[in-house]
Amino acid sequence: MLDVQSIRKDFPVLSRKVNGHPLVYLDNAATSQKPSSVIQSLVDYYEGYNANVHRGVHTLSMEATDKFEEAREKVARFIGAETSESIIWTRNTSESINLVAYTWAQENIGEGDEIVLTRMEHHSNLVPWQKVARDKGARIRFIPMTDDYTLDLSDIDSIINPRTKLVSIVHVSNSIGTINPVQELTKLAKRVGAAVLIDGAQSVPHMPVDVAKLGCDFFAFSGHKMLGPTGIGVLYVKRDVLEDMEPFLRGGEMVLEVTYEDASWNDLPMRFEAGTPNIADAIGLGAAIDYLNDIGMQNVRDHEVQLTQYALNAFKELEEELILHGPVDVDVRGGIVSFHHPEVHPHDLGTILDSRGIAVRTGHHCTMPLVKSLGVSATARASFYLYNTEEEVDLLIGGLKEALRYFAHGVAPA
Ligand code: PMP
């Protein structure tokens with residue numbers, strides 16, 4: 001059991017008021033709040049040892065380099081990577097996936113090849129592959145979804161077949177919360193010699209993840225969704241796959257020897273990090289990982305399972321009015337509850353909730369085709385993290401009741 005009240009004290013923003021009410025922050029799938037230790041790590045860097053990395057012989061530069069590389073080591077250990085050479089810093093999940101699309105895919109996907117995705121991909125793991133498929137004459141195939149919001153694997157042996165070159169799948173859906181069987185799908189992909197990319201934007205922040213156990217080639221995630229700063233993301237690439245990849249961006253830091261005519265490449269992973277990296281935010285992500293490790297990722301997951309079950313039960317009070325989207329079984333669901341009302345626009349629900357200090361996301365959640373396939377143009381989404389409480393779920397339900405009284409039944413808010 002987490003000591004949530006003590007955890008909440010570590011997050012300065014949680015003590016603020018919004019529209020006269022204590023903030024109830026339920027938009028964690030968009031971005032998480034930051035504990036003081038992460039904020040302080042940024043201040044410490046800028047006040048104490050701000051310098052460029054991998055360049056100087058002076059003390060500040062060596063201190064900055066040590067902390068920056070220490071953060072990379074922390075990321076590697078956190079996700080079970082065998083070596084920190086497999087960890088490439090990017091800006092976010094989107095950039096991590098694009099890096100694979102602009103490097104590995106250019107060399108390894110050709111005419112007639114197939115790329116397998118699910119129908120619940122975030123645009124970040126759909127749009128880059130649309131371009132690769134168009135440019136290369138490859139075909140995208142989709143694993144369909146069942147009525148209970150999980151992947152329909154009944155035809156998987158024909159979808160993942162010897163023409164498949166890449167299986168690129170979301171670990172946990174940001175719109176409906178489904179946890180996909182990525183380990184099983186990786187095994188199927190490996191049987192036909194395909195590479196596997198996992199979009200872990202919504203899994204790494206919320207549950208234990210072990211990339212070596214999963215056996216994937218690529219794994220992408222963002223620091224800002226896991227208590228870290230914005231502007232820092234991670235691409236894990238299996239060491240032998242990375243060794244054969246061409247650099248993405250070219251310039252300073254990523255080279256070993258340069259002549260006027262030619263250049264040779266630096267060691268891994270610097271080969272993939274041209275220019276001055278985001279030093280402060282990488283160090284900040286290291287501090288976020290320290291914080292999560294102190295709590296324990298299984299404890300984070302257990303707390304969210306409990307809270308999601310509590311929320312699903314609480315939503316039963318509104319089952320005649322709201323339609324919920326996502327698996328009913330919390331064992332295959334992250335801490336995400338998406339819903340809509342047949343007549344009330346989610347933005348209207350979100351606005352009433354905001355007037356009570358409750359932050360939820362409304363819209364298509366960057367999964368336009370998925371949300372459309374649910375028969376709506378938008379949903380409202382509450383997403384939980386380690387600092388959320390059952391009382392906050394009650395406030396959400398209370399806010400929704402008031403919004404529905406007003407919009408669906410014409411009773412003005414008190
Ligand atoms: N994939 C998933 C599943 C996500 O939830 C998100 C963020 N909503 C992304 C990719 C993109 O992350 P970022 O905006 O940090 O690049």
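Note that ligands are numbered from 1 as they come in the structure, with each ligand's atoms numbered from 1 the same way.
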Would you give me the side-chain donor-acceptor pairs under 3.5 Å for residues 370-377, sequence neighbours excluded?
from : atom 1 : to   : atom 2 : distance (Å)
S373 : OG     : L370 : O      : 2.6

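- Using modelled atom types, one finds no donor on one side chain facing an acceptor on the other under 3.5 Å when comparing Y387 with D10.
- Contacts of Y25 classified as side-chain hydrogen bond (donor to acceptor under 3.5 Å, both in side chains), with partners at least two apart in sequence or in another chain: none.
- Taking the charged nitrogens against the carboxylate oxygens, E111 and R139 have no contact shorter than 4.0 Å, which rules out a salt bridge.
- The side chain to side chain contact (heavy atoms under 4.5 Å, CB included) with R333 is formed by just one residue from the set D329, V337, I336; it is V337.
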Starting from the N and O atoms of ligand 1, collect every protein N/O partner closer than 3.5 Å and put each pair on its own line with the distance to 0.1 Å.
from     : atom 1 : to   : atom 2 : distance (Å)
ligand 1 : 1 (N)  : D199 : OD1    : 3.2
ligand 1 : 1 (N)  : D199 : OD2    : 2.6
ligand 1 : 5 (O)  : Q202 : NE2    : 2.7
ligand 1 : 8 (N)  : H122 : NE2    : 3.3
ligand 1 : 8 (N)  : K225 : NZ     : 2.8
ligand 1 : 15 (O) : S222 : OG     : 2.7
ligand 1 : 15 (O) : H224 : NE2    : 2.8
ligand 1 : 16 (O) : T93  : N      : 3.4
ligand 1 : 16 (O) : S94  : N      : 2.9
ligand 1 : 16 (O) : S94  : OG     : 2.6

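- Residues passing the side-chain hydrogen bond (donor to acceptor under 3.5 Å, both in side chains) test with N50 are Y45, sequence neighbours excluded.
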